[in-house]
Amino acid sequence: MNPPRTDARRHHDPDVRGFASDNYAGAHPEVLAALALANGGHQVAYGEDAYTENLQQVIRSHFGPTAEAFPVFNGTGANVVALQAVTDRWGAVICAESAHINVDEGGAPERVGGIKLLTVPTPDGKLTPELIDREAYGWDDEHRAMPQVVSIAQATELGTVYTPDEIRAICEHAHAHGMKVHVDGSRLANAAATLDVPLRTFTNAVGVDLLSLGGTKNGALFGEAVVVLDPDGIKHMKHLRKLSMQLASKMRFVSVQLEALLARDLWLRNARHANEMAQRLAEGVRAVHGVEILYPVQANAVFARLPHDVSERLQKRFRFYFWDEAAGDVRWMCAFDTTEDDVDRFVAALKEEMAR
């Protein structure tokens, strides 16, 4: 059979690689195959389809028998919907100052969700009970937004990873104060690959109430999910998702991607590979005199400090972002499709620019 005719043209070089973001990568071939499988015929819209129904069983295999997934379009939408579900209009969320919800979501949690963020400086992107206590007070003070949620990212925005015991301590501390715990899991798979444990080990098993589950950074074309781990304590998710403009009409195409990643081990294979490429990159960078790695490389990110002019020249050869331009800090990200050759060519280019 001849392939379907298309008038679309390729507008990019598929051999080009960058280190700016794992969002730059395309979709994994197995995910694309799953999308084609879900295509054709009619399925009920807005989540009443067979693929979204089956996704619930897949999610429960990872997060326990009470877990429920609510597919959404993107990570910011997942975080905003999730945080709205566990805050009142006067509620606030305690998070790290470097958290994605604070620095990279355009104010959406506050402007769209109406949620006050109470931020805490951290040395490595990770909260602790002691750091949480800097903002965990004033529940009866009508002049202050009420702390109702602790939100952590796993892995963090600085590429560090919480251990299960660290998350358990946060959950116990938050719950003792009547607060819930949300996990921004856009790179949850990378954290699991680093820890070499099942996803449940550092989520429902240690007391997390709900999480944002990433798909896009791990090989999906688009789509994430809010996963509610305690349905009895978190209500009206369907209404919040719709109100927040995150309800997909053709939801089967979000759900089947998450199923393709999670039903077997694709999510873990992709995350392990991305992490391994970050380790390879860090190893190469450490051998370059004058370049400093800033944080432990525990997921698929490498943060480094190098001369500003070197970064600018290197950016003309490989795309990446400054993290703190004034300090000369940069972030290099690896993805599921980053190759050893990609890393080695980048390290070679870094050496050349540093030697100029």
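The first residue in the sequence is number 1, and the count goes up from there. In this text the structure is predicted, and so the values were computed from the model without any measurement.
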Sequence neighbours excluded and cut-off under 3.5 Å, please list the side-chain donor-acceptor pairs for residues 85-94, or say none.
unit_1	atom_1	unit_2	atom_2	d
T87	OG1	L83	O	2.7
D88	OD2	Q148	NE2	2.7

Show me the donor-acceptor pairs, under 3.5 Å and distance only, between side chains in residues 35-44 and residues at least two apart or in other chains.
unit_1	atom_1	unit_2	atom_2	d
Q43	OE1	A50	N	2.7

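Heavy-atom contacts from other residues, nucleotides or ligands closer than 6.0 Å to CZ of R111 number 12 or fewer. Under a cut-off of 6.0 angstrom, the local environment of NE2 in H289 is sparse, with at most 12 non-hydrogen atoms contributed by other residues, nucleotides or ligands. Atom CG of D140 has 12 or fewer heavy atoms from other residues, nucleotides or ligands within 6.0 Å. Within 6.0 Å of CD on E283 lie no more than 12 heavy atoms contributed by other residues, nucleotides or ligands. Within a 6.0 Å sphere centred on CD of E292, heavy atoms belonging to other residues, nucleotides or ligands number more than 12.
Cluster note: L243 groups with no other residue, as no ILVMFWY side-chain heavy atom lies under 4.5 Å from it. Annotation for V80: hydrophobic cluster partners, listed by chain and number, are V112 (ILVMFWY side-chain heavy atoms under 4.5 Å, direct or chained). Residue L350 is found in a hydrophobic cluster whose other members, listed by chain and number, are F19, M277, L281, V285, V288, V291, I293, V297, V302, L306, V310, L314, F318, F320, F322, V330, W332, V343, F346, V347, M354; membership requires side-chain heavy atoms under 4.5 Å apart, directly or through intermediates.
Between S311 atom OG and E325 atom CD the span is 9.0 Å, to the nearest 0.5 Å. Interatomic distance, CZ of R331 versus CZ of F303, reported as 5.5 Å (0.5 Å rounding).
Checked by atom type, the side-chain pair T160/D124 shows no donor-acceptor distance below 3.5 Å. Looking at S186 and E224, their side chains never bring a donor and an acceptor atom within 3.5 Å of each other.
Within the 4.5 Å cutoff, side-chain heavy atoms of N54 are placed close to those of E259. In this structure, the side chains of E97 and T122 stay at 4.5 Å or more apart for every pair of heavy atoms. Side-chain contact between L258 and V58: absent, with no pair of heavy atoms (C-beta onward) separated by less than 4.5 Å. Between D344 and R280, the closest side-chain pair of non-hydrogen atoms falls below 4.5 Å. Contact annotation: the side chain of V81 never approaches that of N79 to less than 4.5 Å [non-hydrogen atoms, C-beta and beyond].
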Open item on the list: Using ring-ring contact (aromatic ring centres under 6.0 Å, His included), reason through H28 and W267 one step at a time and then give a plain yes or no.
Closed with: CA-CA 10 Å; H28 193 280; W267 67 278; over 10 Å; no

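Residues satisfying the side-chain contact (heavy atoms from CB on, under 4.5 Å) test with P29, not counting sequence neighbours, are none.
D342 places a side-chain N or O within donor-acceptor distance of the main-chain N or O of T339, the cut-off being under 3.5 Å.
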